[in-house]
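Please read the structure below before turning to the comments.
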Amino acid sequence: MSIEFIGYIGGHHASEIHPRSGPTLQPDYVETVARAHEEAGFDRALVAFHSNSPDSTLIAAHAASVTKKLQFLIAHRPGFVQPTLAARQFATLDVFNGGRTAVHIITGGDDRELRADGSHIDKDERYARTDEYLSVVRQEWTSEKPFDHHGTYYRYEGAFSTVKSPQQPHIPLYFGGSSAAAIAVAGKHADVYALWGETYEQVKEVVTQVRAEAAKHGRTVRFSLSLRPILAETEALAWERADRILEQATALAEKSGFVRREPPNEGSRRLLAAAAQGSRLDKRLWTGIAGLLGAQGNSTSLVGTADQVAEALLDYYDLGITTFLIRGFDPLNDAIDYGKRLIPLTRQLVAERERQVAGKVA
């Protein structure tokens, strides 16, 4: 089974160790990072979504205009536009960029942030709405004739899209969310279920749960893992770099007045549960930044040489992970470095593993 590498396109240069300088959306930076990911051999690049951020779909459209092969994973929060309209927008973009679109469904676990965009329903109800939303989106993408829909959250008569994605049967749906409600919806709709960088034991547990939910609907799901690799020429130098990153992140958090709070979402709680076991777990999983900042998003790392980190990624592959979303604390330079060393090494190891498995079957 082939693997996929996903990078990250932000609207400006910034990370836990780099404060933003200049406007929040810088077209030249988007173009530079998009081209760098394509040249580095990434399959896709994620464009994130926040309640105060530039529109992810338009950023992806601009990045597609300056690349030829790079595909895009557009974070999308369901419930803030009509699903029929969203489906046509994504299908339209997919025609323009030649079938390079995928959508990452993020229902959202932070009530406070969601209220900034006008959402005032609780998490379980948000996932119930997401379930219905995705049912409509999929039907809008695939229906060959107008359809009616009468549900709890949406009602349509004669809904239909004349624009269809060049991808069959439809644009891929990635899905994030670690609560029981989220996993139930993922099993029903996700083509790819996305985890943050958890321990081997945690990943095995979630993969088992999601597969069981998908089986209830006669479906199979692929799995993605998000990590922040920290590479150096030797293992000792890599851990020294991790220590420097933690020092820089601590200083920047203090300077900005950051106040850590208890995370409202299950995914962050899972990362903090791992961090509570120690800062170095399994072979080379590092939880330093997750522990410092309260696991705000993708914040755990694999630390070591490119060969060592590739071997750790192979361990996750053996647990069922076939997509790796990797981004660095130095976003542009790390993406370039991953392309030179980590991505080709990991592809080579996976190819060797596939040959071994095929040999045993034969």
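Remember, predicted model here, so these are calculated numbers, not experimental data. Worth knowing before you read on, the calculation uses all heavy atoms, side chains too, and leaves out hydrogens, waters and symmetry mates. For reference, positions follow the sequence shown, starting with 1.
- In this structure, a donor-acceptor pair under 3.5 Å is absent between the side chains of His12 and Arg20.
- Under the side chain to side chain donor-acceptor pair (under 3.5 Å) criterion, Gln202 pairs with Thr199, not counting sequence neighbours.
- Counting non-hydrogen atoms of other residues, nucleotides and ligands closer than 6.0 Å to CZ of Phe96 gives a total of 12 or fewer.
- Qualifying side chain to side chain donor-acceptor pair (under 3.5 Å) partners for Ser268, counting only residues two or more places apart in sequence or in other chains: Asn265.
- Residues satisfying the ring pair (Phe, Tyr, Trp, His ring centres under 6.0 Å) test with Tyr316, not counting sequence neighbours, are Tyr200.
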Under 3.5 Å, side-chain donor or acceptor atoms of residues 208-217 against the rest of the protein: list the pairs with distances, not counting sequence neighbours.
{"from": "Thr208", "atom 1": "OG1", "to": "Lys204", "atom 2": "O", "distance (Å)": "2.9"}
{"from": "Glu213", "atom 1": "OE2", "to": "Lys216", "atom 2": "NZ", "distance (Å)": "3.1"}

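- Exactly one of Val192, Val207, Leu319 qualifies for a side-chain contact (heavy atoms from CB on, under 4.5 Å) with Phe223. That residue is Val207.
- Residues Glu4 and Thr323 have side chains that bring a donor and an acceptor to within less than 3.5 angstrom of each other.
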message: Apply side-chain contact (heavy atoms from CB on, under 4.5 Å) to residues Val221 and Asp191 and explain how you reach the verdict.
response: CA-CA 5 Å; Val221 179; Asp191 297 308; over 6 Å; no

message: side-chain contact (heavy atoms from CB on, under 4.5 Å), that's the test. Do Leu271 and Ser299 meet it? Break it down for me.
response: CA-CA 8 Å; Leu271 289 190; Ser299 53; 3.9 Å; yes

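- Ring geometry, His149 versus Tyr156: the interplanar angle falls from 30° to 60°, so the pair is classed tilted.
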- request: Just do the side-chain contact (heavy atoms from CB on, under 4.5 Å) check on Phe49 and His104 with the steps written out, would you?
  value: CA-CA 10 Å; Phe49 180 101; His104 188 31; over 6 Å; no

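- Neither side chain, Tyr8 nor Arg228, offers a donor N or O lying under 3.5 Å from an acceptor on the other.
- For Ser279 and Thr287, the side-chain atoms include no donor-acceptor pair closer than 3.5 Å.
- For the residue pair Arg129/Thr152, the side-chain donor-acceptor check at 3.5 Å is not satisfied.
- At distances below 3.5 Å, not a single donor-acceptor pair connects side-chain atoms of Glu198 with backbone N or O atoms of Val206.
- Contacts of Glu144 classified as side chain to side chain donor-acceptor pair (under 3.5 Å), with partners at least two apart in sequence or in another chain: none.
- Because its NZ or CZ atom is not both nearer than 6.0 Å to the ring centre of Tyr317 and within 45° of the ring axis, Arg222 does not count as a cation-pi partner of that residue.
- Using a 30° and 60° split on the angle between ring planes, Trp239 and Trp286 fall in the perpendicular class, above 60°.
- Other residues, nucleotides and ligands contribute over 12 non-hydrogen atoms within 6.0 Å of the CD atom of Glu352.
- For the residue pair Arg44 / Gln71, a side-chain donor-acceptor distance below 3.5 Å is found, with atom types taken as modelled.
- Among residues two or more places apart in sequence or in another chain, the side chain to side chain donor-acceptor pair (under 3.5 Å) test is passed with His76 by Tyr133.
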